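Reading through the structure tokens given below for one structure.
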Amino acid sequence: MKVDLISEHADPLAAVGGVDSGGQNVYVAALALALAGRGHRVVVHTRRSSPSQPRSVRLAPGVVVQYVPAGPAAPLPKDELPPYMPEFTDFLAERWAIDPPDVAHAHFWMSGQAALQAADGFPVVQTFHALGTVKRRWQGEADTSPAHRIDTEREIGKRADAVLATCGDEVGELCAMGIPEQRIAVVPCGVDLEHFRPDGPKAPRTAGPMILSIGRMVPRKGVDTVIAALRQVPGAELVIAGGGPGDEEAARLRDLAAAYGLEERVHVIGSVPRAHVPALMRAADVLVTVPWYEPFGMVTVEAMACGVPVVASAVGGHLDTVAGCGVLVPPRRPRALARALLDLLGDEHERARVGAAGARRARERYGWPRVAERTEAVYAQVIGGRLCGLEAMGG
Ligand SMILES: CC(=O)N[C@H]1[C@@H](OP(=O)(O)OP(=O)(O)OC[C@H]2O[C@@H](n3ccc(=O)[nH]c3=O)[C@H](O)[C@@H]2O)O[C@H](CO)[C@@H](O)[C@@H]1O
Ligand SMILES: O=P([O-])([O-])O[C@@H]1[C@@H](O)[C@H](O)[C@@H](O)[C@H](O)[C@@H]1O
């Protein structure tokens, strides 16, 4: 198949860990490579955000990243992109008039809007990665999404040929928005099982038991809850990875650690390149990820694949990925988190059991080839649906 992926702000080649670059960037890169590995030809369309970016880059055999001129060739917060999306859409429409794909797969709401406007005669599949309704519920006034995001997501959900939800919880959210369940398919995010594996090099460890937190540096990831919990976990050290220099959230977390007198036990190490993440995870005794909400949570399955026990908040994708293979705690509850950490750090046998169960589940369910195969099955169904009438896809 000729597959075009549209990912307006999340460039598969960008460094991850910053406010606007994380799971979606990793997902789009990995899916593109896995689809190419299955013999498909993939083009990823993402916005040109630097003058040094060429028109297109060959990422691997069968995968091209196409930099779309839309607005200034400079980094912009994703919530400031709407004025430039008509230019992005025109670019797609012009390209697709000459070279249409068999299927377009849009990532994030703005890409979905552009793809549906520009596509002519081929199906569009949508993955939201994050939903405006959920974001607004948790972030309230701090949510900088454009006012029309939620309505636009509803329209996209109704018009797209299929919507990929990455977990059961997202299906509930999509149905509550009025998106017909029969056009929703559940395909989880994946993990690179060649790199994220229990055996392999380990990064240097901390002196005390090592708790790792890794992700984008935004308050909703709940790292402040982990710092607060650390007060009740004597001797343990917390390594916080992600973000970049000058990050507001990193400064806030450092200040919080200092206010609790935990400077010696909290290490904010900044963004970690992809290639170094597995070794860092393997060095940890426990990975903690307690966001307020989480559409899927790739960090969780990455740590599981490394055989590292996971303590995660009981939200979103964690309900599918971690349940039974890790420890779930309520979000924003430092005491409950501290109890879970004390139990796990104090029981080597349980850590080994949970770590092994997680590694098994990651291997069985979340390898990218398997995720790409399921994604490809959805593409085949919508392409077929165009020809002979799409009945139902189910989850
Ligand atoms: C709030 C929200 O919308 N979260 C979703 C978002 O990803 P979000 O970026 O929030 O979080 P994820 O944990 O899924 O992904 C973060 C990724 O960045 C990597 N990383 C992070 C820091 C760093 O320094 N180096 C590094 O490589 C992690 O290893 C991981 O692969 O889209 C993902 C893909 O749909 C979903 O799984 C998340 O649920
Ligand atoms: O949570 P949120 O800030 O709306 O949106 C996020 C994006 O900014 C980021 O680029 C992407 O990698 C994440 O997957 C997520 O979608």
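Order of appearance sets the numbers: ligands from 1, and atoms from 1 within every ligand. Throughout, numbering of the chain's residues begins at 1 and tracks the sequence. Keep in mind that what you see is a predicted model, and the values were worked out from it rather than measured.
The single protein non-hydrogen atom nearest to atom 37 (O) of ligand 1 is Gly297 N, 2.9 Å, given as residue, atom name and distance. From the protein, the heavy atom lying nearest to atom 35 (O) of ligand 1 is His129 ND1, 2.7 Å. Here the protein heavy atom with the shortest distance to atom 12 (P) of ligand 1 is Met298 N, 3.6 Å. Closest to atom 27 (O) of ligand 1, if we only count protein heavy atoms, is Arg274 NH1, 2.9 Å. Of the protein's non-hydrogen atoms, Arg220 NH2, 2.5 Å is the one closest to atom 3 (O) of ligand 2. Among all protein heavy atoms, the one lying closest to atom 10 (O) of ligand 2 is Asp20 O, 2.5 Å. The protein heavy atom nearest to atom 31 (O) of ligand 1 is Glu302 OE2, 2.6 Å. Looking at atom 38 (C) of ligand 1, its nearest protein heavy atom turns out to be Glu294 OE2, 3.1 Å. Counting only heavy atoms of the protein, atom 26 (C) of ligand 1 lies nearest to Val16 CG2, 3.4 Å. The nearest protein atom to atom 33 (C) of ligand 1, hydrogens excluded, is given as Gly23 CA, 3.8 Å; this is a heavy-atom distance.
For atom 5 (O) of ligand 2, the nearest non-hydrogen atom from the set Lys135, His107, Gln139, Lys78 comes from Lys78. The option with the heavy atom closest to atom 1 (O) of ligand 2, from among Gln24, Arg216, Arg149, His9, is Arg216.
Residue Glu194 qualifies as open at atom CD: its count of foreign heavy atoms under 6.0 Å is 12 or below.
Remark: of the listed residues Arg282, Arg274, His276, Met281, Arg282 is the sole one forming a side-chain contact (heavy atoms from CB on, under 4.5 Å) with Pro278.
A cation-pi contact links Arg332 to Trp292, judged by a cut-off of 6.0 Å to the six-membered ring centre and 45° from its axis.
Using a 4.0 Å heavy-atom cutoff, Gly317 is absent from the residues neighbouring ligand 1. Using a 4.0 Å heavy-atom cutoff, Val272 is listed among the residues neighbouring ligand 1. For Lys135, the closest heavy-atom approach to ligand 1 does not fall below 4.0 Å.
Heavy-atom proximity to Gly23, at under 4.0 Å, picks out these atoms of ligand 2: 12 (O), 14 (O). Close approach of ligand 1 to Gly17 (heavy-atom distance below 4.0 Å) involves ligand atoms 22 (C). Every atom of ligand 1 with a heavy atom of Gly22 under 4.0 Å away is listed here by number and element: 9 (O). Distances below 4.0 Å separate heavy atoms of Asn25 from the following atoms of ligand 2: 10 (O), 12 (O). Close contacts of ligand 1 with Val277, meaning ligand atoms under 4.0 Å from a residue heavy atom, involve 26 (C), 27 (O), 29 (O).
Contacts with ligand 2 closer than 4.0 Å are made by no heavy atom of Tyr27, backbone or side chain. Residue Cys189 touches ligand 1 through its side chain alone, judged by heavy-atom distances below 4.0 Å. Under 4.0 Å from ligand 1, the heavy atoms of Ile214 that appear belong solely to its side chain.
Considering backbone and side-chain atoms together, Thr166 places no N or O closer than 3.5 Å to any N or O of ligand 1. The N/O atoms of Gly270, backbone and side chain alike, include none that comes under 3.5 Å of an N/O atom in ligand 1.
Listed for the Asp11 side chain is no donor-acceptor partner under 3.5 Å among the backbone atoms of Thr46.
Using a cut-off of 4.0 Å between Lys/Arg side-chain N and Asp/Glu carboxylate O, Arg41 and Asp4 are scored as salt-bridged. Salt bridge annotation for Arg252-Asp224: present, with a cationic side-chain nitrogen under 4.0 angstrom from a carboxylate oxygen.
Between Trp96 and Pro101 there is a side-chain heavy-atom pair separated by less than 4.5 Å.
Here the closest non-hydrogen pair linking Leu131 and Glu170 is CD1-CG, 4.1 Å.
Distance check: Arg351 CZ to Arg353 CZ gives 13.0 Å after rounding to the nearest 0.5 Å.
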